[in-house]
Amino acid sequence: MIQLVKRSISGDADAFLELMEKNSLAMYKVARGILDNDEDAADAILTCFEKIHTLKNPEYFKTWMIRILINECNKIHRHYKNFSRAEELPEVPGQDMSIEEFEFKEMLGMLDESYRIILVLYYVEGFRIADIASILNMNENTVKTRLVRARMQLKQEYTSAEDNIQKKRLQQKKKKNREFTGIAEGLQNIRMKI
């Protein structure tokens, strides 16, 4: 891998394409953890590869790449933060997501931004806490704390969602009981008149 990176830095187009091919899926997962759509994720990934000539130490390629990617994703995210993206970009039909992908995206959407990327790096990309700290320029204890808080926030969100579902079910049940009682009383009144 290091030789491939060195060749890419020196301008070898074939090495560059091979490097992109080997790393694009991992980069896509990280980018989608921050950004809302595929086009923005692809732009961030491409920008990352375009900056490969700035890499000083090829042995640190993966952490360098993820750091550049996160910075680029945050830049894109800040750009869109001031206006509603739903008005700007229509939903693209035909993009099917598996249930797991949908649940993962929903889960990430529940989290504060500071926790989202740490979860993606830790659980999706499999980085160790020390690597995440290096990528994000944070203390390892900060990464550990945010990981714990992210888990707690997810638990609270799911518990709250379950409570809301239970409340809605209870309300629906009460409504049906009232309707049934109303119907029964109506039938009783009809019987008394007959």
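The figures that follow rest on heavy atoms only: side chains count, while hydrogens, waters and symmetry mates do not. Since the structure is predicted, the reported quantities are computational estimates derived from the model, not experimental observations.
To the nearest 0.5 Å, atoms CE (Met65) and CE (Met20) are separated by 11.0 Å. A distance of 10.0 Å separates CD1 of Ile66 from CG of Leu136, quoted to the nearest 0.5 Å. If you take CG on Leu121 and CD1 on Ile117, they are separated by 4.5 Å, rounding to the nearest 0.5 Å. Atom SG of Cys73 sits about 11.5 Å away from atom CD1 of Ile68, to the nearest 0.5 Å. Here the NZ-CG distance, from Lys29 to Leu69, works out to 13.5 Å after rounding to the nearest 0.5 Å. Distance check: Lys62 NZ to Asp131 CG gives 9.5 Å after rounding to the nearest 0.5 Å.
Nearest heavy atoms, Ile45 versus Ser24: CD1-O, 4.1 Å. Tyr122 and Phe127 make their closest contact through CD1-O, 3.5 Å (heavy atoms, listed as atom of the first residue, atom of the second, distance). Between Ala133 and Asn139, the shortest heavy-atom distance links the atoms CB-C, 4.1 Å. The minimum heavy-atom distance between Ile9 and Ile52, with the atom names listed, is CG1-O, 3.6 Å.
Applying the 6.0 Å contact sphere to CZ of Arg7 captures more than 12 heavy atoms from other residues, nucleotides or ligands. Within 6.0 Å of CZ on Arg151 lie more than 12 heavy atoms contributed by other residues, nucleotides or ligands.
Side-chain atoms of Ser134 and Arg67, non-hydrogen and from C-beta on, do get closer than 4.5 Å to each other. Here the side chains of Ile76 and Thr47 are not in contact, with every heavy-atom distance at 4.5 Å or above. Side-chain contact check for Arg146 versus Leu119: every heavy-atom pair is 4.5 Å or farther apart. In this structure, Phe61 and Asn23 have side chains that are in contact, with non-hydrogen atoms separated by less than 4.5 Å. Put simply, the side chain of Glu72 reaches to within 4.5 Å of the side chain of Lys75, judged on heavy atoms.
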Verdict with reasoning, Glu140 to Lys144, per salt bridge (charged side-chain N to carboxylate O under 4.0 Å, His left out):
CA-CA 6 Å; Glu140 286 186 36; Lys144 288 177 187 176; 5.0 Å; no
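Tracing side-chain contacts under 4.5 Å through hydrophobic residues (I, L, V, M, F, W, Y), one never reaches Leu17 starting from Met27; they form parts of separate clusters. Taking hydrophobic clusters as Ile, Leu, Val, Met, Phe, Trp and Tyr residues chained together by side-chain heavy-atom distances below 4.5 Å, Ile129 shares a cluster with Tyr123. Tracing side-chain contacts under 4.5 Å through hydrophobic residues (I, L, V, M, F, W, Y), one reaches Leu46 starting from Val30; they form part of the same cluster.
Just one of Val5, Asn57, Thr54, Ile135 meets the side chain to side chain contact (heavy atoms under 4.5 Å, CB included) condition when paired with Trp64; it is Thr54.
In this structure, Thr145 contributes its side chain and Asn141 its backbone to a donor-acceptor pair below 3.5 Å.
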